[in-house]
Enquirer: 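Structure in structure tokens, see below.
So you know, we letter chains A, B, ... as the sequences are listed, proteins then strands, and number each from 1.
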There are 2 protein chains.
Amino acid sequence: MVVDQLSDSEVDLLFHALADSTRRSIVVRAIGEEHSVSALAAHYAMSFAAVQKHVAVLERAALVTKEKRGREQIVRANPEAIRRARQLLDEYEKIWRQRVDRIADILAED
Amino acid sequence: MVVDQLSDSEVDLLFHALADSTRRSIVVRAIGEEHSVSALAAHYAMSFAAVQKHVAVLERAALVTKEKRGREQIVRANPEAIRRARQLLDEYEKIWRQRVDRIADILAED
DNA sequence: CTGATCTACAACCATTTGGTTGTAGATTAC
DNA sequence: GTAATCTACAACCAAATGGTTGTAGATCAG
């Protein structure tokens, strides 16, 4: 099955969002349980606004969603986005395996 | 098995390298067969130097290797790096599944 | 030898990124 | 009502990114 319904620029956003250790850490926390933005920010040696921006990057990539609850914004990870990124890499590995098979076939012809 | 032996900054390089459609396209071409840098550059609407830089980004991330052959540099994809990126995302999915199981257990206690 | 090809690398530029501080609007607690 | 908390967002800044052109060194072809 092909990883469709993701445009090039969406994939760009997805991998870009994952290319930062603070953001990956936020995703892991948000997978484990719900957190408000300020609860997340408490864990990092940077300003609240900086963490807010990181969450916004993750949100643009659909790796997390935000939901307002009272005065807080609850951040939740979206495992579907993670799955799509993984499937993309699966595709690349599949292409590689096809190449290996193809070369094996050519060698077998001798 | 845990995806170890990859530091945070190496993972940064890996996902950053994948966060550009030109670079992903180069990786796919290089998986399929060997290409010189100029052969790769012929496919893109940008300068040779720009493609050279993209290849350098992929090389820093270990997604491709370069080997000098005569006056050419042969670019080859490194499927191991792709596998490691996928394994990282597998870890995240595993954490998610553990959470789902844990919540199911809590609910089952009632 | 000469010219064409392939690469490396520097210098430059516009835009994006990742951080900061500051201000202001909602919501909650007392 | 007042104070504290949580968030949003603007303005600013240094550094990185993604592109360009230009120059120069190797290697190959004739």
Enquirer: With distance as the sole test, does A:R99 use its side chain to make a donor-acceptor pair with the main-chain N or O of B:I31 at under 3.5 Å?
Expert: yes
Enquirer: Strictly distance-based, threshold 3.5 Å: is any side-chain N or O of A:Q73 a donor or acceptor partner for the main-chain N or O of A:K68?
Expert: yes
Enquirer: Does OP1 or OP2 of C:dA8 have a side-chain N or O of B:Q73 closer than 4.0 Å?
Expert: yes
Enquirer: Just say parallel, tilted or perpendicular for the rings of B:F15 and A:F15, cut-offs at 30° and 60°.
Expert: parallel
Enquirer: Counting distance only, does the side-chain N/O of B:E72 pair as donor-acceptor with the main-chain N or O of B:R69 below 3.5 Å?
Expert: no
Enquirer: Is the backbone N or O of B:Y92 less than 3.5 Å from a side-chain atom of A:R86, with the two atoms forming a donor-acceptor pair by type?
Expert: no
Enquirer: Hey, is the side chain of B:K66 poking within less than 4.0 Å of OP1 or OP2 on C:dA8, counting only N and O atoms?
Expert: yes
Enquirer: Using a heavy-atom cut-off of 4.0 Å across all strands, would you classify B:R23 as base, sugar-phosphate, or nothing?
Expert: sugar-phosphate
Enquirer: Determine yes or no for a side-chain-to-main-chain donor-acceptor pair under 3.5 angstrom, with A:R60 supplying the side chain and A:A17 the backbone.
Expert: no
Enquirer: Nearest to the side chain of A:E72, which nucleotide is it out of C:dT20, D:dC6, D:dT20?
Expert: D:dC6
Enquirer: Using heavy-atom distances to pick each residue's nearest nucleotide on DNA chain C, tell me which of A:A45 and B:A49 is more 5'.
Expert: B:A49
Enquirer: Rounding to an integer number of Å, can you tell me how far A:I74 CD1 sits from D:dA8 C1'?
Expert: 16 Å
Enquirer: Quick check on contacts: within residues 28-43 of chain A, what sits under 4.0 Å from DNA chain D by heavy-atom distance?
Expert: A:S36, A:V37, A:S38
Enquirer: Please determine whether any donor N or O and acceptor N or O are separated by less than 3.5 Å between the side chain of B:R71 and the base of C:dT7.
Expert: no
Enquirer: Atom NZ of B:K53 and atom C1' of D:dA16: how far apart are they, to the nearest Å?
Expert: 11 Å
Enquirer: Check whether any side-chain N or O of A:H16 sits under 4.0 Å from OP1 or OP2 of D:dA16, and answer yes or no.
Expert: no
Enquirer: Would you check if the side chain of B:R24 reaches a backbone N or O of B:L18 as a donor-acceptor pair within less than 3.5 Å?
Expert: yes
Enquirer: Less than 4.0 angstrom between a side-chain N/O of B:Q52 and OP1 or OP2 of C:dA8, yes or no?
Expert: yes
Enquirer: Starting at atom CD of B:E59, determine the distance to atom P of C:dC9, rounded to an integer number of angstrom.
Expert: 10 Å
Enquirer: Tell me whether the OP1 or OP2 atom of D:dT20 has a side-chain N or O from B:S47 closer than 4.0 Å.
Expert: yes
